[in-house]
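Worksheet: the structure to be examined is printed underneath.
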Amino acid sequence: MARRLRVGVIGLGRRWARRYRPALLALADRYEVAAVCDQIPQRTLAEADRLGCAASAGPADLVAAHEVEAVVLVDAQWFGLWPLGRAAGLGKPVFCAAPPERDAAHAEALVRQVERAKALVMMGWGPAVSPAFLYVPELLSRHLGPPRLVVGEWGRRGRAGLGRGAGSVLAYLFGLIGRAPERVVAAGEAPAGLTTVAFACGEGTAVQLSSWHAPGRKTTLRVRVVAERGQATLAPGRRLAWEDATGRHALTLPRAGSATVPAMLECFHESVTSGQAPRPGIAEVHAALKWLDTAFAGPRP
């Protein structure tokens, strides 16, 4: 039987009520909510009463509480990602649903703090737990060989250009190519409908990410991997298609549990109990964001 992990939850707004509370309650065999806090004290008290847990006066108290083994940072709120660094300093694992862009001014110092503490931090990025995305390294190893080009196509419901979530997307693409970038070229501006960033990664390998505004539609990410012996096309989900010298192939992967948030929390629990850091981590995401800063020579669009 899986060990129950006692967590403290920071940020009790709409995202918590709609997605994270139901997910944690559904995973009652793995999680126990030990404490909660929010920037609105009345919300903290109401949620603590609902769950029968401690109501912390603030993030510092919650992170330091003896009964809290790990922290789930649902919303950054006014304090940004400061609680993440505080928890890392105390040796407590963190699931962070807010991207580093949410607290860009302190991201560099935060990453250094996490690395010094050798802390386990999982960034909440849904495609990271998608069966198709998880299977790609095995597909490359068994069928397609080393990747040469990775192309991401990102239709975003939000404003045009590259913004929130771009670091996680790029970190995943860099992870597939297996090399850090050496040069970058960008085209497009924030008001434009299309923004493209291309990275040369050495020894004939490259990564490209194109993003556009898709009003009224769900944010989608499609990835194409061109390798030495063929190519694969994937999107978050269970279906994976590829081509090699023997023809075209398609695979329906086993269902990985259920919805995205429960799957991410299951992955976090497994990482904490096994001691294996999930990828991409906060350092990889932050490094990708710095490359975007280089690409646009100023604020990210």
Side-chain angles (χ1 to χ4, degrees), residues 76 81 95-104 107 111 121-137 140 147 149-181 183-190 192-201 205-214 217-226 231-237 240 260-261 263-264 267 277-296 299-301:
L81 299 187
F95 176 89
C96 182
E101 299 99 304
R102 181 62 178 80
D103 197 0
V111 170
V121 176
M122 177 175 174
M123 305 305 293
W125 186 60
V129 296
S130 165
F133 279 41
L134 288 171
Y135 187 76
V136 172
L140 293 171
L149 171 66
V150 177
V151 178
E153 300 173 347
W154 195 20
R156 302 181 60 240
R157 183 167 52 187
R159 59 190 176 89
L162 293 167
R164 175 173 173 149
S168 294
V169 174
L170 272 178
Y172 175 77
L173 301 183
F174 293 155
L176 287 181
I177 207 72
R179 291 179 173 274
R183 299 185 307 279
V184 59
V185 177
E189 298 179 355
L194 174 67
T195 303
T196 298
V197 192
F199 303 86
C201 300
T205 63
V207 168
Q208 178 180 301
L209 176 62
S210 295
S211 175
W212 61 90
H213 183 43
R217 300 188 63 183
K218 185 177 180 180
T219 297
T220 59
L221 175 63
R222 183 173 178 269
V223 176
R224 182 161 55 93
V225 182
V226 180
Q231 61 180 323
T233 302
L234 61 146
L240 182 63
T260 300
V261 170
M264 288 192 295
C267 179
R279 290 290 181 268
I282 188 171
E284 292 90 347
V285 174
H286 181 62
L289 290 171
K290 290 201 293 185
W291 273 103
L292 286 181
D293 281 333
T294 300
F296 293 97
R300 289 180 297 280

Exercise. Should Gln208 and Ser210 count as side-chain neighbours, where that means a heavy-atom distance under 4.5 Å?
Worked result: yes
For this session: State whether the side chain of Tyr135 and the backbone N or O of Ser130 hold a donor-acceptor pair below 3.5 Å, judged by distance alone.
Result: no
Problem set entry | Smallest separation among heavy atoms of Cys201 and Ile177, with atom names | SG-CG2, 4.2 Å
Exercise. Got Val223 and Thr233 here, is their nearest side-chain heavy-atom distance under 4.5 Å?
Worked result: no
Exercise. Are any of the side-chain heavy atoms of Leu140 and Pro147 separated by less than 4.5 Å?
Worked result: yes
Exercise. At what distance, to the nearest 0.5 angstrom, does OG1 of Thr195 lie from CG of Leu209?
Worked result: 9.0 Å
For this session: Looking only at non-hydrogen atoms, find the nearest pair between Ala288 and Ala171 and report the distance.
Result: CB-N, 3.9 Å
Exercise. Can you tell if the side chain of Val136 reaches within under 4.5 Å of the side chain of Tyr172, non-hydrogen atoms only?
Worked result: yes
Exercise. What's the spacing between His286 NE2 and Met123 CE if we round to 0.5 Å?
Worked result: 11.0 Å
Problem set entry | Derivation of the side-chain contact (heavy atoms from CB on, under 4.5 Å) call for Met122 and Cys267 | CA-CA 9 Å; Met122 177 175 174; Cys267 179; 3.9 Å; yes
Exercise. Are side-chain heavy atoms of Leu289 and Pro100 found at a separation under 4.5 Å?
Worked result: yes
Exercise. Looking only at heavy atoms, what is the nearest atom pair of Ala76 and Leu81, with distance?
Worked result: CB-CD2, 4.1 Å
Exercise. Looking at side-chain heavy atoms only, is the closest gap between Thr260 and Met264 below 4.5 Å?
Worked result: yes
Problem set entry | Separation between CD of Glu153 and OG of Ser211, rounded to the nearest 0.5 Å | 11.0 Å
Exercise. Tell me, do Leu149 and Thr205 make a side-chain contact under 4.5 Å, heavy atoms counted?
Worked result: no
Problem set entry | Reported CG-to-CG distance for the pair Leu234 and Leu221, which is rounded to 0.5 angstrom | 8.0 Å
Exercise. Between CG of Leu176 and CZ of Phe133, what distance do you get to the nearest 0.5 Å?
Worked result: 8.5 Å
Exercise. Do the non-hydrogen side-chain atoms of Thr220 and Trp154 ever get within less than 4.5 Å of each other?
Worked result: no
Exercise. Should Leu170 and Leu292 be marked as a side-chain contact (heavy atoms from CB on, under 4.5 Å) after you check the CA-CA gap, both sets of side-chain angles, and the distance that decides it?
Worked result: CA-CA 9 Å; Leu170 272 178; Leu292 286 181; 3.6 Å; yes
For this session: Please state whether the rings of Phe174 and Phe199 are parallel, tilted or perpendicular, taking 30° and 60° as the class boundaries.
Result: perpendicular
